[in-house]
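See below for the structure under consideration.
Remember, it's 1-based here, ligands and their atoms both numbered in the order they're listed.
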Amino acid sequence: MKFLRFSDICASGQAAGKRVFIRADLNVPQDDEGNITEDTRIRASLPAIQMALGAGAAVMVTSHLGRPTEGEPRPEDSLAPVAKRLSKLLGREVPLITDWVEGGFEVKPGEVVLLENCRLNKGEKKNSPELAAKLGKLCDIFVHDAFGTAHRAEATTYGIAETAPIACAGPLLAAEMDAISKALENPRRPLVAIVGGSKVSTKLSILKTLASRVDQLIVGGGIANTFLLAAGKRIGDSLAEPEMVREAQQVMDIMKERGAEVPLPVDVVVADEVSALARANRVSVDEVGPHDRILDVGPKTSAKLAEIIAHAGTIVWNGPVGVFEIPQFAGGTKMMASAIAHSEAFSIAGGGDTLAAIAKFHIEDDVDYISTGGGAFLEVLEGKTLPAFEVLAKRA
Ligand code: ADP
Ligand code: MG
């Protein structure tokens with residue numbers, strides 16, 4: 001997909017003295033007192049800001065924080081803690097500007113300001129044309145650098161991209177797109193996708209799209225349980241979606257026709273409750289009792305999956321294969337994480353809980369690309385063109 005890159009614009013000197021509006025994702029977790037508990041997203045947004053400052057631009061940055069009601073600011077909706085952290089990380093003062101939509105604030109070339117929570121502006125969510133027109137007037141160059149919102153068409157993610165004189169992708173957004181294209185458009189084969197977790201019905205549509213592209217599809221979690229049902233196995237009280245069994249069967253058929261496969265678990269870890277106190281049993285997939293819950297893949301299955309991963313050319317990972325938060329059900333996901341870490345394949349991973357698993361098993365440095373956008377990453381896997389890219393391509 002073709003789109004303008006902010007890095008090219010800066011390199012060619014076009015950003016000097018210009019007003020640059022960066023839509024970042026600074027939606028960080030906070031504790032009850034408003035302290036930032038984790039600042040990965042703020043740190044991830046620094047390259048775009050530094051690039052703009054280095055190019056001599058007058059820089060405005062905004063982001064959403066939480067889900068406030070438009071036009072009704074509460075203290076907890078404020079980006080003030082983010083401004084503080086950003087100031088510290090950049091080593092310079094970053095003033096926070098409230099009521100900024102109509103302009104009337106000053107920012108000189110070489111300076112950066114943070115514009116208060118964009119979801120407080122009336123019309124943001126619905127991408128109102130009036131708001132979009134005002135946003136476009138604030139800047140000469142719009143930079144989209146918030147992949148986490150790339151699947152939403154809001155005023156600061158879509159409307160402004162239509163009204164600003166120039167609209168381009170920031171380094172973070174461009175890197176996401178490059179990594180995803182590398183993994184899905186022209187992958188080194190075999191291409192192995194791992195789809196696990198608990199969002200069964202939303203992820204089944206992803207499986208259908210992936211089925212026509214991947215060489216092996218590893219399923220885990222609630223999805224694997226639905227596939228086991230489709231294969232005629234008993235799964236007791238496990239998380240699954242019986243009404244999706246036909247879809248699961250179709251996925252297996254599509255894959256089979258292409259000589260590809262969906263390896264199903266041969267052994268599983270079961271318990272009668274999802275709890276840290278639960279007693280876990282390893283059983284063959286044919287021995288699952290009526291009150292058992294399948295909460296992880298067993299060691300034989302893990303070894304088989306690790307083998308597949310070891311021979312992959314490209315790996316796309318979303319969703320843990322077990323309830324990895326609880327030690328007795330973490331074995332499968334841990335083994336998979338380690339197989340991905342040791343593999344020579346180009347690997348890309350995304351999803352909120354998948355990132356938690358990556359952190360838990362300390363493989364951050366061994367995954368080639370970790371996507372920051374949960375919902376956006378899933379929609380790309382589904383084969384959708386994200387609104388952010390559609391509009392940037394249109395403007396390119
Ligand atoms: P992601 O956020 O990475 O897209 P999901 O939100 O779909 O992933 O699923 C993650 C959750 O799925 C984890 O909290 C994990 O405990 C749960 N999970 C994994 N396997 C099972 C299973 N067999 N039964 C129930 N829950 C599971
Ligand atoms: Mg999740």
Consider only side-chain N and O atoms of [X] and [Y], and report whether a donor and an acceptor are under 3.5 Å apart.
{"X": "S78", "Y": "E116", "answer": "yes"}
{"X": "K203", "Y": "N318", "answer": "yes"}
{"X": "T301", "Y": "D267", "answer": "yes"}
{"X": "E176", "Y": "S371", "answer": "yes"}

Salt-bridged, D25 to R41, with N to O below 4.0 Å?
->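 Between R41 and D25 there is a salt bridge, with a charged N closer than 4.0 Å to a carboxylate O.
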Does the pair E102/K134 count as a salt bridge with the N-to-O cut at 4.0 Å?
->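 Between K134 and E102 there is a salt bridge, with a charged N closer than 4.0 Å to a carboxylate O.
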If you count the atoms of ligand 1 from 1 in the order shown, which ones are under 4.0 Å from a heavy atom of G351?
->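 Once the distances to G351 are compared, the set is 2 (O), 3 (O), 4 (O).
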Atom indices of ligand 1 within 4.0 angstrom of G322 heavy atoms, with elements |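 Result: 15 (C), 18 (N), 19 (C), 20 (N).
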For [atom], find the nearest protein heavy atom and state the residue, atom name and distance (0.1 Å precision).
{"atom": "atom 8 (O) of ligand 1", "result": "K203 NZ, 3.4 Å"}
{"atom": "atom 26 (N) of ligand 1", "result": "V323 CG2, 3.7 Å"}
{"atom": "atom 3 (O) of ligand 1", "result": "T354 OG1, 2.5 Å"}
{"atom": "atom 23 (N) of ligand 1", "result": "I294 O, 3.0 Å"}
{"atom": "atom 25 (C) of ligand 1", "result": "L239 CD2, 3.6 Å"}
{"atom": "atom 9 (O) of ligand 1", "result": "S198 N, 2.9 Å"}

Between E325 and ligand 1, which part of the residue brings a heavy atom under 4.0 Å of the ligand: side chain, backbone, both or neither?
->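 The part of E325 near ligand 1 is the side chain, not the backbone.
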Just give me the atom name: the N, O or S atom of D353 closest to the Mg ion (ligand 2).
->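 Nearest N/O/S atom of D353: OD2.
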Measure the spacing between CG of L96 and CG of L115 and express it to the nearest 0.5 Å.
->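 The CG atom of L115 is 8.5 Å from CG of L96, to the nearest 0.5 Å.
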Under 3.5 Å between some N or O of ligand 1 and some N or O of K199?
->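 The answer is yes, given that K199 and ligand 1 share an N or O pair closer than 3.5 Å.
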Can you figure out which of D353, N318, I223 has its heavy atom closest to atom 10 (C) of ligand 1?
->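 Looking at heavy atoms only, the winner is D353.
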Testing V321, I206, L207 for side chain to side chain contact (heavy atoms under 4.5 Å, CB included) with I223, which one passes?
->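 Looking at V321, I206, L207, the match for I223 under the side chain to side chain contact (heavy atoms under 4.5 Å, CB included) is L207.
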